[in-house]
Structures are given as structure tokens and as C-alpha cells.
Undergrad: 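Structure incoming, see below.
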Amino acid sequence: MKKHNFNAGPCVLPKEAIESAIEAIRDFDNTGIGILEISHRTPGWERVMAETEQLWRDLLNIPDDYAVLFLGGGASTQFFEVPANLMKKKAAYLQTGVWAKKAAKEAKFYGEVEIVASSEDKTYSYIPKGYTIPTDADYFHITTNNTIYGTEIHEDIDSPVMLVADMSSDIMSRPVDVKKYGLIYGGAQKNVGPAGVTFVIVRKDILGQAGRNLQTMVDYRTHIGDEPRNNSMFNTPPVFSIFVMHETLKWVKELGGLEEMYKRNKKKAELLYNEIDRNPLFVGTAAKEDRSLMNVCFVMAPGHEALESEFMAFAKEKGMVGIKGHRSVGGFRASIYNACPIESVEALVACMQEFEKMHK
Ligand SMILES: *Cc1c(COP(=O)(O)O)cnc(C)c1O
């Protein structure tokens, strides 16, 4: 039976990327040697690295004064690398979920942290509004998409201080005005590739000003390098993960880039939210205006709570994979990233409708 993959991360990838990855494991770039077994100093690999950076620059329209880095350690490592590199005395954080909270926790190792607003009071089901960003902060940190709770900051906000964003779970889902940010980071495994590679987009002139000595690997400048450029190859990069990211972004570009992704993502999300709002058995958990295009969270409607495990089993029978909600929210979460085809969303909607009929 066809499986519909709604996992939150790692998650569905374009089948074209998977096919190229399988082929590259057997034979990379007609070398007769597989990608898992080549040196990262071979010319074929250096070309893939350069092309991957170029794909990022083209898709997101990244200006030349920004570096694009591919590192290890996941977004969680950036939680401390960001303040290590950028915080002089104080930073401001918007607490929209546990990832944001964890980011703020690591920043406290480097100085004062002001939480400008938090939605923890309502299980992070909304994005706080009307807060004031302190102008004495070195930067303001946001999490643009809150993977666990299904909320999203839909615009590139204005900030009086440097804006830093964890875009782990919505990067490449819509066009972004990169110029508004000092730094953007995230793990690749939600929307741009498999686990193992972390992206960092950073404006170069903000580096080297925090006034502290940094370990070589922690200092972003190490990975940028001058001549010869390190190009994220100061140490061994996560070769295979970057390769699959390269293939994934090639697919995004061939489909028409981020405008097209945004159009598709809006359509998929609308389809599913419309069904949640229409179907008397289900109810969404996130504030409507803050609903994420990537992670759609819903629970059984009041009075129907007892049907939760029955729906879970029914959906599984119909081929739905990974729709169990995070334990802190409960219910269901369908992650409908770029590579999730609209057919999967239609299948989930049909499944919800059939379940409704069974319980009329
Ligand atoms: C998954 C996720 C993280 C954690 O990423 P790792 O790569 O596992 O460290 C951080 N922030 C957000 C928004 C996430 O979705």
C-alpha cells in the first residue's frame, strides 16, 4: 500500500533526490567510486559544494555580503554558536516554543537574555504580538516556524536590532527577504535534506565583534575562510547529507523556486485546515492567524476525545505515517513540507471524511 509520510523530521524528501542518492552511493559523478567512499577534496565533490551554495544563493536571493555555511551539529549547536559569535552583553528572544526556549537557555551562557514575550501560558498555540524589542540588545532571536505547535511567523518582521532566525522547519517554503536578517540557521532535516547538515546564512560584517575568544570550530569565520576559501570545508563536511540537499534544492529550482513552493504549500495547508474546520470531529490547536503552512496540528473536537486512538489506527490502515502529535500537544500533527505531495494531503482529508461518515 502507498504510504503517505507526514513525519515532522527527518521527513519526506523528493523521490528524485532519493533516486540520485541511491545512484551516487553506487557511482559518484562517473568516478566508479561511491559518494560514501570518495575524498571531499576530489574535484567532483568541490563542484557539488559550490553548486549547493549557488542553489541557496539563487533560491533565496542571498546578497554577496552574506556567507552560506554547511556545518555539523544540528540547529541545537547553533543555539550556542549564535550567541558565542554575536552576543556582546545582551540578547532578546521571542519564546514561541520549546526550541526557542532551548535557544534562549544556551544564550544565557554568554550574557543577559531578555525574553520579550512568551506563549508558554497557552501551550505555545499562538505567536505573541505587541511586544517591545529592547534597543540595547545585540540581536533579536525568533523561531519562524514552531514545528511542535504548528504556529508560524508569516512575515519577515521589522526589528530595531539585528534579527536572527531559527528557520529549521520553514526555510525554502516561501521567499524570504534575507537582507532583514543578520543570521539565519537551521537543521536541514525538515525541509531541505536529510539529517546531518546544518545551514547558516550570515552577514559577514557582523562577525568578530563579540569581544571573546572563540574555539576555532565555533568561530563562523573559520568556515568562511579567506584564501584559500574554506567553503565549509575546514574539516570534513557531512558529504552525503549535503549531496542529498543539493539534489533536493535542484528539484525545488526545477519546479520554479520558492514562489512556486509557497503557492503549493499554501494550497496544501488550506486543503487540510479547511477540512479540520469543516469536520465536526476535529479541531485545530493553533490560533488561526498563526497557523503554520508546514506543520498542521489538530485534536479530536470536544466530546469526541475518546475517538483519538481509533482515528490513529484508522489512518494508519489507510497508509498515513507520522501523524501522531508531539506529546506536549497531543492529538495529531501532519507535517506537509515541500516534498509532501498534494496527493498525500488529499488522502488524509479523505481519511478524515470517511471517519466522519463512520461516526455519523
Ligand atoms: C527540529 C528543530 C530544531 C532542532 O534541530 P536539530 O538539528 O535536531 O538540533 C530546532 N529548531 C526547530 C524550529 C526545529 O524544528
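Every number for a ligand or one of its atoms is a count from 1 in the order of the listing. These values consider heavy atoms only, across backbone and side chains, with no hydrogens, waters or symmetry-generated copies.
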Undergrad: I'd like to check which ligand 1 atoms, numbered from 1 as shown, lie under 4.0 Å from a non-hydrogen atom of Phe79.
TA: 10 (C)
Undergrad: Are the side chain of Tyr185 and the backbone of Val164 linked by a donor-acceptor contact shorter than 3.5 Å?
TA: no
Undergrad: Heavy-atom contact under 4.0 Å between Asn145 and ligand 1?
TA: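 Asn145: in contact with ligand 1 (<4.0 Å).
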Undergrad: Which protein heavy atom lies closest to atom 9 (O) of ligand 1, and at what distance to 0.1 Å?
TA: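 Residue, atom and distance for the closest contact: Ser76 OG, 2.6 Å.
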Undergrad: Would you say CG of Asp136 has more than 12 non-hydrogen atoms from neighbouring residues, nucleotides or ligands within 6.0 angstrom?
TA: yes
Undergrad: Identify the residue among Met245, His246, Met233 that makes a side-chain contact (heavy atoms from CB on, under 4.5 Å) with Phe70.
TA: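 Exactly one pass, corresponding to Met245.
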Undergrad: Counting from 1, what ligand 1 atoms have a heavy atom of Gly74 closer than 4.0 Å?
TA: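 Numbered from 1, ligand 1 contributes 7 (O), 9 (O).
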Undergrad: Do any nitrogen or oxygen atoms of Gly187 lie less than 3.5 angstrom from nitrogen or oxygen atoms of ligand 1?
TA: no
Undergrad: Rounded to the nearest 0.5 Å, what separation is found between the NZ atom of Lys90 and the CD atom of Glu114?
TA: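 Lys90 atom NZ to Glu114 atom CD measures 4.0 Å (nearest 0.5 Å).
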Undergrad: Tell me, do Ile224 and Lys204 make a side-chain contact under 4.5 Å, heavy atoms counted?
TA: yes
Undergrad: At under 4.0 Å between heavy atoms, which part of Ser168 makes contact with ligand 1: side chain, backbone, both or neither?
TA: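 The answer is the side chain of Ser168.
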Undergrad: Tell me: protein heavy atom nearest atom 5 (O) of ligand 1, and distance?
TA: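 Here the closest protein heavy atom is Ala75 CB, 3.5 Å.
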Undergrad: For the backbone of Cys340 and the side chain of Ser344, can you confirm whether one donor and one acceptor N or O come within less than 3.5 Å of each other?
TA: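 Checked: no pair found.
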Undergrad: Heavy-atom distances under 4.0 Å are what count here, so tell me which part of Tyr185 touches ligand 1: side chain, backbone, both or neither.
TA: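 Contact part for Tyr185 vs ligand 1: neither.
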Undergrad: Is there a polar contact between ligand 1 and Lys190, counting only N or O atoms under 3.5 Å apart?
TA: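 Right, the criterion is met.
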Undergrad: Between Lys253 and Trp56, is NZ or CZ placed under 6.0 angstrom from the six-membered ring centre and within 45° of the ring axis?
TA: no
Undergrad: Evaluating non-hydrogen atoms only, which member of Asp166, Thr144, Thr147 is closest to atom 11 (N) of ligand 1?
TA: Asp166
Undergrad: What are the two closest non-hydrogen atoms of Gly186 and Thr198, and how far apart are they?
TA: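 For Gly186 versus Thr198, the nearest heavy atoms are O-CG2, 3.2 Å.
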Undergrad: Spell out, as yes or no, whether a donor-acceptor pair under 3.5 Å connects the side chain of Asp219 to the backbone of Gln215.
TA: no
Undergrad: Just to be sure I read this right, does ligand 1 sit under 4.0 Å from the backbone of Gln189, its side chain, both, or neither, counting only heavy atoms?
TA: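 It is the side chain that gets close, since no backbone atom is under 4.0 Å.
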Undergrad: Would you check whether Gln78 reaches within less than 4.0 Å of ligand 1, judged by its heavy atoms?
TA: no
Undergrad: Using a strict cut-off of 4.0 Å, indicate which atoms of ligand 1 neighbour a heavy atom of Thr143.
TA: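 The list of qualifying atoms is 13 (C).
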